[in-house]
S.K.: 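Take a look at the following structure, please.
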Amino acid sequence: PNPFNPTTTLSFALPQKADVSIIIYDIQGRVVTTLINSTMQTGYHKAIWDASHHASGLYFVQMIAGEYVNTQKIMLVK
């Protein structure tokens, strides 16, 4: 869900085995955390971000899987 408090689950599916990275950035473009950075198999997957130790505000989630790149905004509200 968006906005979220204090954890969010990021669900995704991979049509084939791929090197996957999911990185959270703050509004200034600094890396907050890396949720996933590994080779993953085909199928449905989830990544959970516990942001209880981070300030409320806008964050960006970037997923890179093979040649696929997507960035989305998420809002942490405490």
S.K.: For the residue pair Ala65 and Ala18, what are the closest heavy atoms and their distance?
M.R.: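 Residues Ala65 and Ala18, closest heavy atoms: C-CB, 4.3 Å.
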S.K.: Which residue pairs satisfy the salt bridge (Lys or Arg N to Asp or Glu O under 4.0 Å) criterion with at least one member in residues 11-33, sequence neighbours excluded?
M.R.: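 Non-adjacent pairs meeting salt bridge (Lys or Arg N to Asp or Glu O under 4.0 Å): Asp26-Arg30.
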S.K.: Taking side-chain contact (heavy atoms from CB on, under 4.5 Å) as the definition, give me every residue that meets it alongside Thr33, ordered by chain and number, with sequence neighbours left out.
M.R.: Ile24, Leu35, Trp49
S.K.: Taking the side chain as C-beta and beyond, is there a heavy-atom pair between Val31 and Tyr25 under 4.5 Å?
M.R.: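 A side-chain contact exists here, since the closest heavy-atom pair is under 4.5 Å.
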S.K.: Any salt bridge (Lys or Arg N to Asp or Glu O under 4.0 Å) involving residues 36-60? Give me the pairs, sequence neighbours left out, ordered by first then second residue.
M.R.: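 Counting only pairs at least two positions apart or across chains, no salt bridge (Lys or Arg N to Asp or Glu O under 4.0 Å) contact touches residues 36-60.
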S.K.: Ile27 and Ile23: same hydrophobic cluster, using ILVMFWY side-chain contacts below 4.5 Å?
M.R.: yes
S.K.: If hydrophobic clusters are built from ILVMFWY residues whose side chains come within less than 4.5 Å, do Ile22 and Ile64 share one?
M.R.: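 They do not share one cluster, since no chain of ILVMFWY contacts under 4.5 Å joins Ile22 to Ile64.
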S.K.: What donor-acceptor contacts under 3.5 angstrom involve side-chain atoms of residues 67-78, with partners at least two apart or in another chain?
M.R.:
| unit_1 | atom_1 | unit_2 | atom_2 | d |
| --- | --- | --- | --- | --- |
| Tyr68 | OH | Asn70 | ND2 | 3.1 |
| Lys78 | NZ | Ser52 | O | 2.7 |
| Lys78 | NZ | His54 | O | 2.5 |

S.K.: What closest approach, in Å, do Ala47 and Ile36 show between heavy atoms, and which atom pair accounts for it?
M.R.: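 Reported closest heavy-atom pair: CB-CD1, 3.7 Å.
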S.K.: Ignoring hydrogens, what is the shortest heavy-atom contact between Met40 and Val20? Give both atom names and the distance.
M.R.: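 Distance-wise, the nearest heavy atoms are SD-CB, 3.9 Å.
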S.K.: Taking all atoms of both residues into account, what is the closest heavy-atom pair of Leu14 and Met63, and its distance?
M.R.: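 So the two residues come closest at CD2-CE, 4.1 Å.
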